[in-house]
Protein chains: 2
Amino acid sequence: MLSFTMEEYQERIRKTKQRMEASGIDVLLLSDPANMNYISGYDGWSFYVHQMVVVIIDEDQPLWIGRSQDANGAKQTAWLHHDHIIPYPDDYVQSLTKHPMDFAAQILTEIGQSHRVIGVEMDQYYFTAACYEHLKRHLPHAQFKDATNLVNYVRLIKSDQEVEYMKRAALIVERAMQAGIDAVQAGVRECDVAATIFQAQISGTEAYGGDYPAIVPLMPSGIKTATPHLTWTDGTYKQGETVILEIAGCYKRYHSPLARTLVVGQPTSQIADLSNIVIEGLNETLQFVKPGVTCEEVEAVWRASIAKHGLEKESRLGYSMGLNYPPDWGEHTASLRKGDKTVIQENMTFHVIPGMWFESFGVELSESIRVTKNGCETLANFPRELFTKHPNIHSAS
Amino acid sequence: MLSFTMEEYQERIRKTKQRMEASGIDVLLLSDPANMNYISGYDGWSFYVHQMVVVIIDEDQPLWIGRSQDANGAKQTAWLHHDHIIPYPDDYVQSLTKHPMDFAAQILTEIGQSHRVIGVEMDQYYFTAACYEHLKRHLPHAQFKDATNLVNYVRLIKSDQEVEYMKRAALIVERAMQAGIDAVQAGVRECDVAATIFQAQISGTEAYGGDYPAIVPLMPSGIKTATPHLTWTDGTYKQGETVILEIAGCYKRYHSPLARTLVVGQPTSQIADLSNIVIEGLNETLQFVKPGVTCEEVEAVWRASIAKHGLEKESRLGYSMGLNYPPDWGEHTASLRKGDKTVIQENMTFHVIPGMWFESFGVELSESIRVTKNGCETLANFPRELFTKHPNIHSAS
């Protein structure tokens with residue numbers, strides 16, 4: 001049932017402890033579900049209640065602390081010994097009088113960790129302001145340090161097995177993207193296209209079933225393409241509309257995102273020209289990516305490419321991604337943007353997403369890439385072009 | 001494009017300000033995407049970056065503060081005047097040196113709100129510990145108060161339009177549940193059943209397209225039914241296995257959850273007996289629900305019913321739900337459990353979910369209900385029974 005060998009989990013813990021040591025952290029509380037999974041294998045949709053995996057610098061095995069009804073899920077999906085799975089009673093859940101972090105503080109005290117340096121993921125979705133306040137109140141002798149992204153940085157370079165999972169996710173996204181493009185037609189409801197995409201994402205391939213991506217299909221159409229994060233309605237596509245599809249395949253929580261733009265009918269010259277500029281910029285950028293260059297140098301190539309056409313893009317060009325849970329497949333570490341001096345290394349994986357959004361229209365066309373020994377490869381193999389949809393023609397332009 | 005009349009949004013703001021006044025809060029920062037939507041209409045998958053809606057006690061219109069590329073989404077989906085939509089530059093996103101709350105603090109200072117009592121949703125997923133630290137640092141003259149659930153309590157009683165949306169969501173969940181039950185067979189992959197359910201959830205009915213539910217299908221099978229929050233694998237169903245399906249229909253972000261249990265083949269007497277106990281308990285509980293009784297009194301009926309059979313359930317029996325975003329469709333206010341003295345009122349809506357989980361098996365069978373003038377009604381109309389699946393027979397037992 002485990003997605004990786006025990007050796008791989010041990011290696012992750014070794015690297016995590018190295019970073020803990022460098023930061024002077026004795027006890028690391030991980031509430032990011034991706035980090036919990038990365039360290040322990042735990043996988044369940046229980047992150048809507050407070051829970052954590054605890055890595056103690058001088059202990060071999062982490063602890064899982066979570067809701068009682070999820071403990072059997074931890075026993076079934078994590079590699080931890082069952083006495084390292086510690087459930088809290090259900091009356092701590094979304095209570096106005098008790099908080100799960102009070103319970104966690106009590107456990108940390110009982111096992112002699114209350115006077116140590118405790119790392120917490122300060123800027124992580126599932127570590128709320130209240131979590132921190134409760135921990136500080138119930139662990140007055142502990143010293144707290146910000147450990148946001150500590151494990152995320154360990155995740156930055158993928159193992160061969162992780163790359164393999166992302167390539168399976170890429171096979172899935174190729175199918176889902178093709179299914180979406182095939183389904184869009186004037187008069188078809190947006191929700192029916194979304195349903196078709198979901199079906200393909202989750203069913204996956206004959207060999208590999210799909211997992212739920214951390215983000216639902218983003219698929220603005222018409223004037224909504226002026227912004228990237230709208231989903232769908234039950235309205236129908238109109239002749240002449242531009243449609244953006246940004247979706248991912250997901251396999252064992254590993255993602256391969258992909259974005260394409262299509263036009264229902266003939267593209268205006270505005271959309272066609274913008275697409276060409278984006279494709280040219282993306283091609284030049286991908287040709288530049290290799291170990292040793294920095295994230296900001298990668299972005300500078302893109303910036304120079306579109307500047308030739310008088311364009312600028314304020315927002316970042318891409319970001320590291322891989323293992324994740326809702327609401328984001330991005331890893332929150334390296335971003336392809338000015339100021340990010342992260343040195344690109346082999347087996348880093350990025351979603352390179354040159355989206356351009358104006359007041360009433362936009363274009364997105366992306367690739368998920370793996371950095372190779374001497375360059376990079378795309379995870380998916382999908383035509384890098386603007387698609388045009390004509391009635392009853394189900395293939396690409 | 002708005003889901004509700006302007007009068008309804010104004011009424012929500014009036015009730016919110018009433019609660020702000022009672023709590024001595026001048027400025028309310030809402031980072032819960034459901035609360036942002038409830039107040040402003042804003043709808044987009046942008047909650048993976050920091051954003052907020054700000055309600056100021058002596059101002060007519062709230063502010064939206066969010067990422068620059070999402071500002072057009074706010075203009076298109078929210079009813080706010082465009083000068084009330086305030087974008088922050090993209091280099092604040094997931095940055096190691098800048099934080100969006102620094103920007104928000106600066107805006108609050110510029111508009112003269114820096115010396116007031118500011119309410120923040122301390123225990124809400126998208127208000128991290130770092131958000132609070134940054135706000136405190138940059139607003140040293142403000143006084144902060146915990147406003148967790150302040151708007152959630154306004155949401156507790158639904159309007160007629162909200163109930164209508166939840167009934168549409170119920171029509172969708174009926175179809176999705178039937179599609180799921182029909183699809184489960186020995187030898188079928190779990191991911192293919194999940195894909196079928198997603199397809200039905202998102203496609204919806206001919207009249208109403210589905211929105212994405214805040215939780216993906218929870219569908220443990222076999223020994224995994226010992227815990228509620230596992231999703232699916234690409235393994236196949238085996239003859240004799242028990243399967244739990246807990247899913248929701250969603251329409252314009254409003255949910256109607258529903259859980260049923262099925263058996264691939266003949267149920268063991270253990271599963272059949274447990275199902276009968278759960279159904280009897282659920283029936284007795286629903287007959288008791290009416291305005292004027294308390295949440296804990298409702299739970300006590302269930303508790304007494306299963307105690308007749310020597311059973312106990314530690315976890316809560318249900319919770320208020322309606323409008324929501326991932327990771328939870330529950331509202332985090334009233335729960336059907338001991339100690340919750342919330343008085344039930346007309347147009348409250350609950351997911352009543354008597355799940356029973358043991359070491360190696362479990363049963364769930366739920367109803368989403370609306371409290372009526374004199375009792376309650378289920379939102380969906382779906383047979384309340386244990387389903388058995390025999391090869392090539394696609395109907396219920």
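Reminder, nothing fancy here: chain letters follow the sequence lines and each chain counts from 1.
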Which bit of [X] comes within less than 4.5 Å of chain B, counting heavy atoms only: side chain, backbone, both or neither?
X	result
E133(A)	side chain
T205(A)	backbone
Y42(A)	neither
S315(A)	both
K136(A)	side chain
K75(A)	side chain
L218(A)	side chain

Top contributor to chain B interface from [options] [non-hydrogen pairs under 4.5 Å]:
options	answer
E206(A), E121(A), Q201(A)	E206(A)
K252(A), R189(A), H50(A), E190(A)	R189(A)
D70(A), T128(A), D234(A), D192(A)	T128(A)
D43(A), I223(A), D211(A), T233(A)	I223(A)
C131(A), G73(A), G355(A)	G73(A)
A200(A), G209(A), S68(A)	G209(A)

Please rank [options] by heavy-atom pairs under 4.5 Å with chain A and give me the top one.
options	answer
A74(B), A130(B), A129(B), A195(B)	A129(B)
D146(B), N149(B), D123(B)	D123(B)
P228(B), G44(B), A194(B)	P228(B)
T77(B), I197(B), V216(B), L230(B)	V216(B)
H134(B), Q124(B), K224(B), Q69(B)	Q69(B)
Y208(B), F198(B), W357(B)	F198(B)

Please determine, by modelled atom types, if N37(A) and Y325(A) share a side-chain donor-acceptor pair under 3.5 angstrom.
yes
Distance-only donor-acceptor check, side chains Q51(B) and S46(B), under 3.5 Å:
yes
Return the minimal non-hydrogen interatomic distance between [X] and [Y], and the atom names on each side.
X	Y	answer
E314(A)	P89(B)	OE2-CA, 3.2 Å
P257(B)	M321(B)	CD-SD, 3.5 Å
F47(A)	P326(A)	CZ-CD, 3.9 Å
A34(B)	N324(B)	CB-OD1, 3.5 Å

Give a yes or no on whether the ring-centroid distance for [X] and [Y] is below 6.0 angstrom.
X	Y	value
Y212(B)	W45(B)	yes
Y132(B)	F144(B)	yes
H99(B)	Y88(B)	no

Sequence neighbours excluded, which residues qualify as side-chain contact (heavy atoms from CB on, under 4.5 Å) partners of E299(A)?
W302(A), R303(A), L317(A)
R316(B): partners by side-chain contact (heavy atoms from CB on, under 4.5 Å), with sequence neighbours left out
R67(A), D90(A), V93(A), Q94(A), Y319(B), S335(B), R337(B)
Assess whether side-chain contact (heavy atoms from CB on, under 4.5 Å) is satisfied between W232(B) and I202(A), documenting all intermediate values.
CA-CA 10 Å; W232(B) 59 87; I202(A) 305 303; 3.7 Å; yes
